[in-house]
Amino acid sequence: MSNKQLDELRDQLDKVNLSLLEQINERARLVKEIGELKREQGIARFDPVRERSMLDLIATNNQGPFETATLQHLFKQIFKASLELQEEDNSKALLVSRKKQPENTTVALKNEVIGDGQQRFVFGPCSVESYEQVLTVAKAMKKRGQHILRGGAFKPRTSPYDFQGLGLEGLKILKRVGDELNMSVISEIVTPADIEVALEYVDVIQIGARNMQNFELLKEAGSVNKPVLLKRGLSATIEEFIHAAEYVVSKGNDQLILCERGIRTYEKATRNTLDISAVPILKQETHLPVMVDVTHSTGRRDLLLPTAKAALAIGADAVMAEVHPDPAVALSDSAQQMNIEEFHAFLDALEESGLYKQPVKHS
Ligand code: PEP
Ligand code: MN
């Protein structure tokens, strides 16, 4: 075959490609029109019977040289892409997505806002153990202009024999300290039935990693008028995390904060692996504020500072770290909580690094 012949055939091929291109796009336009009609009539987009009959039509009319199975495979790809086109059209974008709401959501607490561009901290003990214990931490926090206090009352422990938390008594202690020192308090709720109870005591309802896909709990938290802090599940993908958030927001509660708290990987040097890139991904994909929990993600006191720096540098809206007056005797997470001295050193170091500026002191 001469080069001239080859060029001619290639020219023809280019023409066929362009004609196919036109045909495929013409097909896409028809599909979009059909999608519109289906939407108006409330008909499901995917119709397997219709797809089967289109494939049969191709089979009956195929004169080769392609095998029918090959052609059907190719057409299936076109059908699939068309279906996606219809879905895009009907734009079922998630409520939590940036597509749906380009502006950042801000979550208003008693005397703080999360997601307004200023980076905040959440400190407090892993578990509420006593009034004095919480008060000691809270007072240290106030000295540093920190007003968001955490403390677990219902503790979802790995072992049923470990300390399970003080329950309602713990919420009462937290509220008392919060009221006395004018702080916002966060505590985890583990049962849908307790959401109602929590409204009276906490400023933010925390849904823990182990409950990220407790859909009844998510729905209940979505039905109340109280900010929610949703932690990423132990082995949850970002997509699953975002859908869990959607459960809350779809029930009407848009006061939601997401929290990256490390995920389970094969790495054993840390308790979990802090997925730091989840922060910008979540901020790109959703309009919700994003927090990083450096305590549970690392499980190591020596890593709290460097990971907090990373969280601030990457644009987290808030950082959570646990503080206990005497971590050695803490009833949970004894290995990674900071004592009061370490808490001050932690904030000093962050201020020195230039990544964080102490807020103006509130009363
Ligand atoms: C907690 O914050 O107290 C807690 C138990 O964290 P997580 O749900 O992320 O394990
Ligand atoms: Mn803890």
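Ligands are counted one by one from 1 in listed order, and the atoms in each one are counted from 1 as well. The analysis underlying the following values was restricted to heavy atoms, covering all of them including side chains, and did not include hydrogens, waters or symmetry mates.
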D333: which N/O/S atom is nearest the Mn ion (ligand 2)?
OD2

Hey, which N, O or S atom on H296 ends up closest to the Mn ion (ligand 2)?
NE2

Could you tell me whether [X] atom [atom1] has more than 12 heavy atoms of other residues or ligands within 6.0 Å of it?
X	atom1	result
F66	CZ	no
Q77	CD	yes
E239	CD	no
E267	CD	yes
E240	CD	yes
K251	NZ	no

For the hydrophobic clusters of this structure (ILVMFWY residues joined by side-chain heavy atoms under 4.5 Å, transitively), does one cluster hold both L109 and I205?
no

Is ligand 1 less than 4.0 angstrom away from at least one heavy atom of R232?
no

Quick check: [X] and ligand 1, any N/O pair under 3.5 Å apart?
X	answer
R261	yes
A209	yes
R150	yes
E188	no

Which residue owns the protein heavy atom closest to atom 6 (O) of ligand 1, what's the atom, and how far is it?
K231 NZ, 2.9 Å

Angle at the Mn ion (ligand 2) between OE2 of E322 and SG of C126, to 10°?
100°

Could you tell me whether the side chain of V294 reaches within less than 4.5 Å of the side chain of R261, counting heavy atoms only?
no

Using a strict 4.0 Å cut-off to heavy atoms of R210, name the atoms of ligand 1 that fall inside it.
7 (P), 8 (O), 10 (O)

The atoms of ligand 1 lying under 4.0 Å from a heavy atom of G208, numbered in the order shown, are 8 (O)

